[in-house]
Amino acid sequence: MNKARLAAAIRYQVVILGLLALFAVGIVMNVNTGTVNIPPLQVFKIILSGAEAGTLEHNIIWKIRLPRLLTAAILGGALSVSGFLLQTFFRNPIAGPFVLGISSGAKMVVGFVIIFVIGAYGTMPPYLMVLAAFAGSLLIMGFVLIFSRYTRSMPMLLVVGIMVGYICSAITNFFITFAKDNDIANLTSWSMGSFSGAAWGNLGIICIIVGVSLVFSILLSKPMDAYRLSEGYAKSMGINIKLFRAALIVISSVLSACVTAFAGPISFVGIAVPQIAKMLMKSGKPLVVIPACFLCGAVFCLFCDLIARTAFAPTELAIGTVTSLFGAPVVIAMMVSRRRQRG
């Protein structure tokens, strides 16, 4: 192994260990901090030995904080990997999970359910809201897959996704015209994103969807490495471009649909975090970036959710507000940096 490869390997290990350390700090801070502060020693006793069962502190940790922080970490990682896959697909650093109109499709179907179904029947099981978000996300994904079969132009496909998103937003606004004030408030609250609805029952489903998608993402690392060099080079390596592109869209859409279904639309994580991961690794190799991207997204969303919960406690900020506040400057800095490099 030459010096360059050895230095790169050391850098990868240091970055991963650093992210794992930040992840551990984020877990401790999220469990310990809130409207009810629990000393770290008491937290460890409750988690590791099951002490104080039935107490307020035990219920807060096991029923509220642990499922919430794990949901934030897993979905944050999923959204980041989804963004990286789309940026590879479009060869565009500002492509994100929602540029294809996925979040708009989810909001459209959820809006229909909130305004017309709940409005008519008064109530519905919570899991139907999750299914509605999934249905809307996957519906738009289907349209994009159909268009991807008829165009090889990445900018054109990007424009199609944006236009489909506008159509979904227009339909949602049409629904809102006939909505009651409380239905509009509920839809607005959902569309801002939140991890407050996290529960152990949902975590199993989230882990399965995200875990399977991550495995497929890693399996596609070698084709992605060839594809990011050029489409011609990928073809010369025997890669079926149409099938490969469809796989990237499906995996990215499933990941972002999972996030949208369980937490609502969350802004800028899928655009900013992959850039941070690539900057830390000083590499664009998918096999290296995907794990770093997942960890970086998990850490980012853990700390953003902590800020959302505690900054103005007991009032809670929408997670989309906090991620936009920290994610948007990263995107602006990245665009300015790229412009200077070209100039």
Side-chain angles (χ1 to χ4, degrees), residues 15-16 18-34 64-87 96-98 102-103 106 133 190-200 202-203 205-207 209-211 213-214 217 252 254-280 289-311 313 316-331:
V15 170
I16 293 297
L19 289 173
L20 286 172
L22 281 173
F23 182 70
V25 171
I27 288 176
V28 172
M29 290 182 68
N30 271 272
V31 174
N32 179 50
T33 309
I64 300 174
R65 292 185 185 173
L66 276 178
R68 177 165 180 159
L69 73 87
L70 290 174
T71 299
I74 295 169
L75 293 183
L79 200 55
S80 303
V81 173
S82 177
F84 174 72
L85 296 180
L86 278 180
Q87 288 169 11
F98 301 119
I102 293 170
S103 62
W190 177 86
S191 66
M192 292 297 290
S194 176
F195 296 118
S196 60
W200 289 112
N202 294 335
L203 260 177
I205 301 171
I206 292 170
C207 287
I209 295 170
V210 174
S213 299
L214 283 177
S217 299
S252 173
V254 168
L255 285 170
S256 56
C258 181
V259 176
T260 306
F262 288 99
I266 301 175
S267 307
F268 284 101
V269 176
I271 300 177
V273 174
Q275 302 304 318
I276 296 172
K278 285 190 280 189
M279 181 185 68
L280 290 173
V289 175
I290 288 173
C293 207
F294 185 84
L295 276 174
C296 204
V299 169
F300 184 80
C301 279
L302 269 179
F303 283 100
C304 283
D305 190 47
L306 178 65
I307 293 169
R309 285 194 301 112
T310 60
E316 184 175 317
L317 296 173
I319 187 66
T321 302
V322 183
T323 56
S324 297
L325 185 65
F326 291 102
V330 173
V331 176

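As the structure is a prediction and not an experimental result, all values here were calculated from the model.
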Using side-chain contact (heavy atoms from CB on, under 4.5 Å), reason through Leu20 and Leu295 one step at a time and then give a plain yes or no. CA-CA 7 Å; Leu20 286 172; Leu295 276 174; 3.8 Å; yes
For Gly83 and Pro274 the tightest heavy-atom approach is C-CG, 4.0 Å
Can you confirm whether Leu302 sits close enough to Ile27 that some side-chain heavy atom of one is under 4.5 Å from a side-chain heavy atom of the other? yes
Separation of Cys304 SG from Phe326 CZ (nearest 0.5 Å): 6.0 Å
Could you pull out the closest heavy-atom pair between Ala261 and Ala133, with the gap in Å? CA-CB, 3.4 Å
So how far is it from Leu214 CG to Ser82 OG, rounded to the nearest 0.5 Å? 10.5 Å
Of all heavy-atom pairs between Cys296 and Ile276, which one has the smallest distance, and what is that distance? SG-CG2, 3.8 Å
Do Asn202 and Thr71 make a side-chain contact, defined as non-hydrogen atoms from C-beta onward lying under 4.5 Å apart? no
If you measure from CG on Leu19 to CG on Leu280, what distance do you get to the nearest 0.5 Å? 6.5 Å
Which pair of non-hydrogen atoms, one from Leu22 and one from Val299, has the smallest distance, and what is that distance? CB-CG1, 4.0 Å
With a 3.5 Å distance limit and no angle check, can you tell me whether Ser324 reaches the backbone of Thr321 through a side-chain donor-acceptor pair? no
Is the backbone of Asn30 close enough, under 3.5 Å, to the side chain of Arg68 for a donor and an acceptor to pair up by distance? no
Less than 4.5 Å apart, any side-chain heavy atom of Leu66 and any of Trp200? yes
Would you confirm whether Thr323, through its side chain, and Ser267, through its main-chain N or O, come within 3.5 Å as a donor-acceptor pair? yes
So do Phe84 and Val273 actually touch side chain to side chain, heavy atoms under 4.5 Å? no
Do Ile206 and Leu70 have side chains that get closer than 4.5 Å, going by heavy atoms? no
If you compare all heavy atoms of Gly76 against all heavy atoms of Val269, which two are closest, and at what distance to 0.1 Å? O-CG1, 4.0 Å
Could you pull out the closest heavy-atom pair between Leu306 and Met29, with the gap in Å? CD2-CE, 3.7 Å
Is there a side-chain contact (heavy atoms from CB on, under 4.5 Å) between Val322 and Phe303 once you walk through the steps? CA-CA 10 Å; Val322 183; Phe303 283 100; over 6 Å; no
Approximate separation, where rounding is to 0.5 Å, of Ile74 CD1 and Leu255 CG: 12.0 Å
Distance col, row Ile266:CD1 vs Ser256:OG, nearest 0.5 angstrom, shows 11.0 Å
Could you check whether any side-chain N or O of Glu316 sits under 3.5 Å from a backbone N or O of Ala308, counting only pairs where one atom can act as donor and the other as acceptor? no
Quick one: does Leu85's side chain get under 4.5 Å of Ser217's, heavy atoms only? yes
To the nearest 0.5 Å, what is the distance between CZ on Phe268 and CZ on Phe300? 10.0 Å
